[in-house]
Number of protein chains: 2
Amino acid sequence: MTSTEALELLKKNGYSITDKREKIIHYFFEHPRYLSVKEVIDYLKELYPGLSFETVYRNLALFRDLGILEETELDGEKRFQVNCEASHHHHHVICLKCGKSKTIQQCPMSQVPEIEEFKIVEHKFEIYGYCSDCQ
Amino acid sequence: MTSTEALELLKKNGYSITDKREKIIHYFFEHPRYLSVKEVIDYLKELYPGLSFETVYRNLALFRDLGILEETELDGEKRFQVNCEASHHHHHVICLKCGKSKTIQQCPMSQVPEIEEFKIVEHKFEIYGYCSDCQ
DNA sequence: CTCTTTGCAAAACATTTGCATGCCT
DNA sequence: AGGCATGCAAATGTTTTGCAAAGAG
């Protein structure tokens, strides 16, 4: 997905393309890593000093629901990044310092064929550590 | 680990064995699943109406630090359960309704030998779904 | 008797919601 | 014009912390 496609997706679903939404989406496409909500707010506040954080929360939730972003949670904080491979199932290696992530295609679920009397609906596999820049 | 061993571990590390701590520990050993903090507070409030939730938070953090409990986070809530296999690396299948978990010995990290220029420090692999009782 | 534990109060923090105004289309 | 978006205010929910009183060893 490109940022243009993301904006088209907004329009296609009946949502307006506002300046703030454009900035948020471009910011995510220019920073391909898991960003904390705070990081997004700090960035947007520079451009729009009067910005209210609710707007960011609301838009991030919207983008997540539309499949533009994907969400994870680390240390009690939500984090988002571009869902650039929406159609491919994958997992992430996430840097604990900068939030940058690499995609890994391996999914451990292939090794866990079935669990008796348990209906599996989802799973989470994430690797944490430090990237080359943050070590 | 047994509940008795857990209490001995407390004493050995210079902490008192209070009635509330005993109740909390027994409650975890009698309910072998991921319990939310709220569940623990609700249970303990029945026995000690004057209970303050801070006590529960403080003790759960203590037990976690001592290796008696292990922690996870689901939907922005912390959850704890007995760390019954502290020495063995393992993962969990967790019921989204009741929090009950099964241990699985498979660790996907054996399939992910190394990631270039990334220093791995930890990982999370959890499977979510519904157990036989909650389906 | 001393040190730990607890309750109380308050704060810290992340997130959500109702409502009125304002901006896209 | 009409509906979605935003800011404001306030609420919600979870977790943490300082301090003084109560309890354990």
Side-chain angles (χ1 to χ4, degrees), chain A residues 4 6-27 34-66 68-81 99, chain B residues 6-27 34-66 68-80 99:
Chain A
T4 312
L7 293 170
E8 279 166 7
L9 196 58
L10 264 184
K11 189 180 282 178
K12 191 165 67 185
N13 284 75
Y15 297 100
S16 315
I17 297 178
T18 66
D19 288 358
K20 284 161 194 174
R21 281 184 179 163
E22 266 188 288
K23 297 293 186 201
I24 295 175
I25 285 179
H26 282 129
Y27 190 61
Y34 271 111
L35 301 169
S36 65
V37 179
K38 192 175 179 313
E39 283 176 292
V40 181
I41 292 173
D42 287 348
Y43 160 71
L44 222 59
K45 265 229 145 104
E46 288 177 16
L47 305 174
Y48 306 95
L51 175 88
S52 66
F53 58 91
E54 305 90 328
T55 300
V56 175
Y57 276 107
R58 275 192 274 234
N59 282 322
L60 295 182
L62 174 64
F63 299 160
R64 187 238 293 126
D65 292 344
L66 289 175
I68 297 170
L69 299 181
E70 55 191 320
E71 183 184 329
T72 191
E73 202 172 340
L74 200 53
D75 292 325
E77 260 187 309
K78 291 188 174 178
R79 285 170 169 266
F80 298 84
Q81 78 170 5
Chain B
L7 294 170
E8 279 165 6
L9 195 59
L10 264 185
K11 188 179 285 180
K12 191 165 68 185
N13 285 75
Y15 297 100
S16 314
I17 298 176
T18 65
D19 286 359
K20 284 161 194 173
R21 281 183 178 162
E22 265 188 292
K23 297 293 185 200
I24 294 175
I25 285 179
H26 282 128
Y27 190 60
Y34 272 110
L35 302 170
S36 67
V37 179
K38 192 177 179 312
E39 283 177 293
V40 180
I41 292 173
D42 286 349
Y43 160 72
L44 221 59
K45 265 229 144 104
E46 288 179 15
L47 305 174
Y48 306 95
L51 176 88
S52 66
F53 58 91
E54 305 91 328
T55 300
V56 175
Y57 276 105
R58 276 191 273 233
N59 282 321
L60 295 182
L62 174 63
F63 298 159
R64 186 239 293 126
D65 292 344
L66 289 175
I68 296 170
L69 299 180
E70 55 191 321
E71 183 183 331
T72 191
E73 202 172 340
L74 201 53
D75 292 325
E77 261 187 306
K78 292 188 172 177
R79 285 171 169 266
F80 297 83

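Order of the sequence lines fixes the chain letters, A, B, ..., with proteins taken first and strands second; residue numbering starts at 1 for each chain. No experiment lies behind these values; they were computed from the predicted model shown.
- Counting heavy atoms from C-beta on, the side chains of B/Tyr34 and B/Thr72 come closer than 4.5 Å.
- If you check every strand for non-hydrogen atoms under 4.0 Å, A/Tyr15 touches sugar and phosphate atoms only.
- Note on B/Lys20: only backbone sugar-phosphate atoms sit closer than 4.0 angstrom, heavy atoms only; bases stay farther off.
- We find that CG of A/Asp19 is positioned 14 Å from P of D/dA5, with the value rounded to whole Å.
- When each of B/Lys38 and A/Asn59 is assigned the nucleotide of DNA chain D with its nearest heavy atom, A/Asn59 is the one assigned upstream, toward the 5' end.
- Straight-line distance from the CZ atom of B/Arg64 to the P atom of D/dT15: 11 Å, rounded to whole Å.
- Side-chain atoms of A/Glu54 stay outside donor-acceptor range of the base of D/dA5, with no qualifying N/O pair under 3.5 Å.
- Counting to the nearest Å, the C1' atom of C/dT16 and the CG atom of A/Leu60 are 14 Å from each other.
- Candidate nucleotides D/dT15, C/dT25, D/dT6 were compared by shortest atom distance to the side chain of B/Tyr57, and D/dT15 ranks first.
- Using a cutoff of 4.0 Å between basic side-chain nitrogens and carboxylate oxygens, A/Lys23 and A/Asp19 are not scored as salt-bridged.
- The side chain of B/Glu77 sits closest to D/dT14 out of C/dA14, D/dT14, C/dC24.
- For B/Asp65 and C/dT5, the CG to P distance is 13 Å, given to the nearest whole Å.
- Among the nucleotides C/dT4, C/dT15, D/dA5, the one closest to the side chain of A/Val37 is C/dT15.
- Not one side-chain nitrogen or oxygen of B/Ser16 sits closer than 4.0 Å to the OP1 or OP2 atom of D/dA24.
- In this structure, the nucleotide among C/dA14, D/dT15, D/dT6 sitting nearest to the side chain of B/Lys78 is D/dT15.
- Near DNA chain C, defined here as any heavy-atom distance below 4.0 Å, the residues from residues 42-50 of chain B are B/Gly50, listed numerically.
- Atom P of nucleotide D/dT15 and atom CD of A/Glu73 are separated by 10 Å, given to the nearest angstrom.
- Residue B/Tyr15 places its OH atom among 12 or fewer non-hydrogen atoms of other residues, nucleotides or ligands, all under 6.0 Å distant.
- Among the protein residues, B/Arg21 comes within range of the sugar-phosphate backbone only, with heavy atoms under 4.0 Å from sugar or phosphate atoms but none that close to a base.
- Taking every side-chain heavy atom of A/Ile17 into account, C/dT25 is the closest of C/dT16, C/dT25, C/dG7.
- Atom CG in B/Leu35 sits roughly 15 Å away from atom P in D/dT14 (whole-Å rounding).
- Inter-residue side-chain proximity for A/Leu10 and A/Ile25 is flagged as met; some heavy-atom pair is nearer than 4.5 Å.
- For A/Thr55, no side-chain nitrogen or oxygen approaches OP1 or OP2 of D/dT6 to under 4.0 Å.
- Between A/Asn13 and D/dC4, a side-chain N or O to OP1/OP2 separation shorter than 4.0 Å is absent.
- D/dA11 atom P lies 14 Å from atom CZ of A/Phe53, rounded to whole Å.
- Around atom CG of B/Asn13, more than 12 heavy atoms belonging to other residues, nucleotides or ligands sit under 6.0 Å away.
- The local environment of NZ in B/Lys38 is sparse, with at most 12 non-hydrogen atoms from other residues, nucleotides or ligands closer than 6.0 Å.
- Without hydrogens or angle criteria, B/Arg21 side chain to B/Asn59 main chain gives no donor-acceptor distance under 3.5 Å.
- Rounded to an integer number of Å, the gap from CD1 of B/Ile41 to P of D/dT14 is 9 Å.
- B/Thr18 has a side-chain polar atom (N or O) that falls below the 4.0 Å cut-off from OP1 or OP2 of C/dT6.
- Distance from the side chain of A/Arg58 is smallest for D/dC8 among the nucleotides C/dT6, D/dC8, D/dT15.
- The neighbour count for B/Asp65 CG, taken as heavy atoms of other residues, nucleotides or ligands under 6.0 Å away, is above 12.
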